[in-house]
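One structure is given below, encoded as structure tokens.
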Amino acid sequence: MHITDIMRANSPTFSFEFFPPKTPEAAEILYQTIRDLESYMPHFVSVTYGAGGSTRDLTHDLVERIQHTTKLDPIPHLTCVCHNEEEIEAILLRYAKSAIGNILALGGDRPAGIAYDKSRDSFQHAIDLVKFIRRFNESGAHPDHRGFGIGVAGFPEGHPATPNRLVEMDYFKAKVDAGAEYIVTQLFFDNRDFLDFRERCALHDIQIPIIAGVMPITSIGGFKRIAELAAGARFPAKLQRALQRCQSDPEMVRRAGIQYALEQCQDLLDNDVAGIHFYTLNRSDATRVIFDSLALPRHRNAHASSA
């Protein structure tokens with residue numbers, strides 16, 4: 001089922017992101033997380049994709065396992081990095097065979113620790129990948145006559161590679177016009193950034209749904225890692241102050257971070273957000289607390305009823 005179908009019937013949507021495990025121990029943690037969150041019946045879940053082959057097969061395996069053994073609707077990430085057209089077509093055929101309904105098409109992060117020449121990639125930017133998936137859809141190889149639903153990433157705080165914000169929105173508009181049907185944003189901690197991004201999209205006649213990406217902070221170490229990985233992310237003084245007050249008490253840090261994310265979600269819902277996508281880091285506790293606190297209804301989709 002396409003995300004746009006789900007959103008027409010159920011808005012706002014609620015969804016989770018997982019990343020493929022790298023060890024047996026991590027796999028057990030992830031599958032327990034999936035079991036914990038499956039009872040919440042999210043509208044969909046997404047699975048990340050490693051650069052340079054680091055977790056790519058694990059992504060494919062995890063997506064298919066979720067599709068065939070749970071009641072969850074998986075959306076695989078697909079990136080431009082280190083790929084040619086033949087490889088992407090093979091992946092799309094594999095997902096089509098498993099009746100995966102949607103793809104999140106991304107530029108992707110530069111791979112770490114390996115030699116990488118971006119000029120050798122068949123897809124230089126996410127728009128090239130979007131266009132390729134759209135051509136694949138037109139080939140009729142997918143069991144749904146429409147092919148895959150295509151999603152793209154949005155950047156409420158601005159795309160780090162395009163400091164000119166006017167040019168950035170021109171690029172983003174072109175990516176949407178190339179065939180994107182929904183947007184999932186990068187994480188952000190100030191809702192004003194998201195609301196401003198949504199308004200700028202409207203000014204550029206971008207009419208597709210925008211799903212907000214939210215990541216609860218559950219530890220000081222995690223907070224610092226996010227600051228390192230999400231280069232350029234803004235951390236409001238309110239959040240920093242809340243964490244600083246209790247930084248010597250890990251449990252209070254967890255509570256403060258979850259409370260901040262909960263307030264974010266409440267405000268987004270008050271502002272008619274199309275959906276909220278939780279970056280879970282393969283843990284379920286923070287997301288479950290937020291779900292329960294918001295008193296969100298359980299959702300049962302078409303995939304669930306037939307699984």
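Residue numbers count from 1 along this sequence.
- Other residues sharing the hydrophobic cluster of Leu203, ordered by chain and number and joined by side-chain separations under 4.5 Å: none, the residue standing alone.
- When the ring pair (Phe, Tyr, Trp, His ring centres under 6.0 Å) test is applied to Phe197, the partners found at least two apart in sequence or on another chain are Phe172.
- Within a 6.0 Å sphere centred on NZ of Lys173, other residues, nucleotides and ligands contribute more than 12 heavy atoms.
- Judged as a ring pair (Phe, Tyr, Trp, His ring centres under 6.0 Å), and not counting sequence neighbours, Tyr31 has no contacts.
- Side-chain atoms of Asp196 do not come within 3.5 Å of backbone N or O of Pro156 as any donor-acceptor pair.
- In this structure, Glu17 contributes its side chain and Thr48 its backbone to no donor-acceptor pair below 3.5 Å.
- Each of Phe155, Phe189, Phe188 was checked for a ring-ring contact (aromatic ring centres under 6.0 Å, His included) with Phe194, and the lone residue meeting it is Phe188.
- Applying the salt bridge (Lys or Arg N to Asp or Glu O under 4.0 Å) test to pairs two or more places apart or on separate chains, none has a residue in residues 265-281.
- In this structure, Glu168 contributes its side chain and His159 its backbone to a donor-acceptor pair below 3.5 Å.
- Nearest heavy-atom pair, Leu243 versus Ala256, reported as atom, atom and distance to 0.1 Å: CD2-CB, 4.4 Å.
- For residues 90-103, the pairs satisfying salt bridge (Lys or Arg N to Asp or Glu O under 4.0 Å) are Asp61-Arg94, Glu64-Arg94, with sequence neighbours left out.
- Side chain of Glu263 to main chain of Tyr260: no donor-acceptor pair is present (N/O by atom type, distance under 3.5 Å, no hydrogens or angles).
- Taking the six-membered ring where the residue is Trp, the centroids of Phe136 and His142 are separated by 6.0 Å or more.
- With a 6.0 Å radius and a threshold of 12 heavy atoms from other residues, nucleotides or ligands, Arg283 has its CZ atom at or below the threshold.
- A donor and an acceptor atom, one from each side chain of Ser15 and His43, are nowhere located under 3.5 Å apart.
- In the model, Arg241 has no side-chain atom that pairs as donor or acceptor with a side-chain atom of Gln244 under 3.5 Å.
- Not one N or O on the side chain of Thr79 forms a donor-acceptor pair closer than 3.5 Å with the backbone of Leu106.
- Listed by chain and residue number, Glu251 satisfy the salt bridge (Lys or Arg N to Asp or Glu O under 4.0 Å) test with Arg255 (two or more places apart in sequence, or in another chain).
- Hydrophobic clustering, with ILVMFWY side chains joined whenever heavy atoms are under 4.5 angstrom apart, keeps Tyr171 apart from Met169.
- Taking each heavy atom of Pro76 and Asn102 in turn, the nearest pair found is CD-O, 3.2 Å.
- Using modelled atom types, one side-chain atom of Arg134 and one backbone atom of Ala178 make a donor-acceptor pair closer than 3.5 Å.
- A tilted orientation is assigned to the rings of Phe18 and Phe16, their planes being inclined by 30° to 60°.
- In this view, Glu28 satisfies the salt bridge (Lys or Arg N to Asp or Glu O under 4.0 Å) rule with no residue, not counting sequence neighbours.
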Given the rule in the ring pair (Phe, Tyr, Trp, His ring centres under 6.0 Å) test, do Phe14 and Tyr40 qualify, once you have shown the distances and angles that lead to the verdict?
CA-CA 10 Å; Phe14 299 93; Tyr40 285 80; over 10 Å; no
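- Applying the ring pair (Phe, Tyr, Trp, His ring centres under 6.0 Å) test to His2 and every residue at least two apart in sequence or in another chain returns nothing.
- In this structure, Gln264 contributes its side chain and Val214 its backbone to no donor-acceptor pair below 3.5 Å.
- Side-chain contact between Ile206 and Ile183 is present, with heavy atoms from C-beta onward closer than 4.5 Å.
- Partners of Asn282 by side chain to side chain donor-acceptor pair (under 3.5 Å), not counting sequence neighbours: none found.
- Nearest heavy-atom pair across Leu62 and Pro20 is CD2-CA, 4.0 Å.
- In terms of the ring pair (Phe, Tyr, Trp, His ring centres under 6.0 Å) criterion, residue partners of Tyr95 (sequence neighbours excluded) are, by chain and number, His60.
- Under the side chain to side chain donor-acceptor pair (under 3.5 Å) criterion, Arg192 pairs with Asp190, sequence neighbours left out.
- Contacts of Arg198 classified as side chain to side chain donor-acceptor pair (under 3.5 Å), with partners at least two apart in sequence or in another chain: none.
- Counting heavy atoms from C-beta outward, Leu269 and Pro12 have side chains that approach closer than 4.5 Å.
- The hydrophobic clustering, which links ILVMFWY residues whose side-chain heavy atoms are closer than 4.5 Å, places Leu93 and Ile150 together.
- Leu294 and Leu268 end up in the same hydrophobic cluster when Ile, Leu, Val, Met, Phe, Trp and Tyr side chains are linked at under 4.5 Å.
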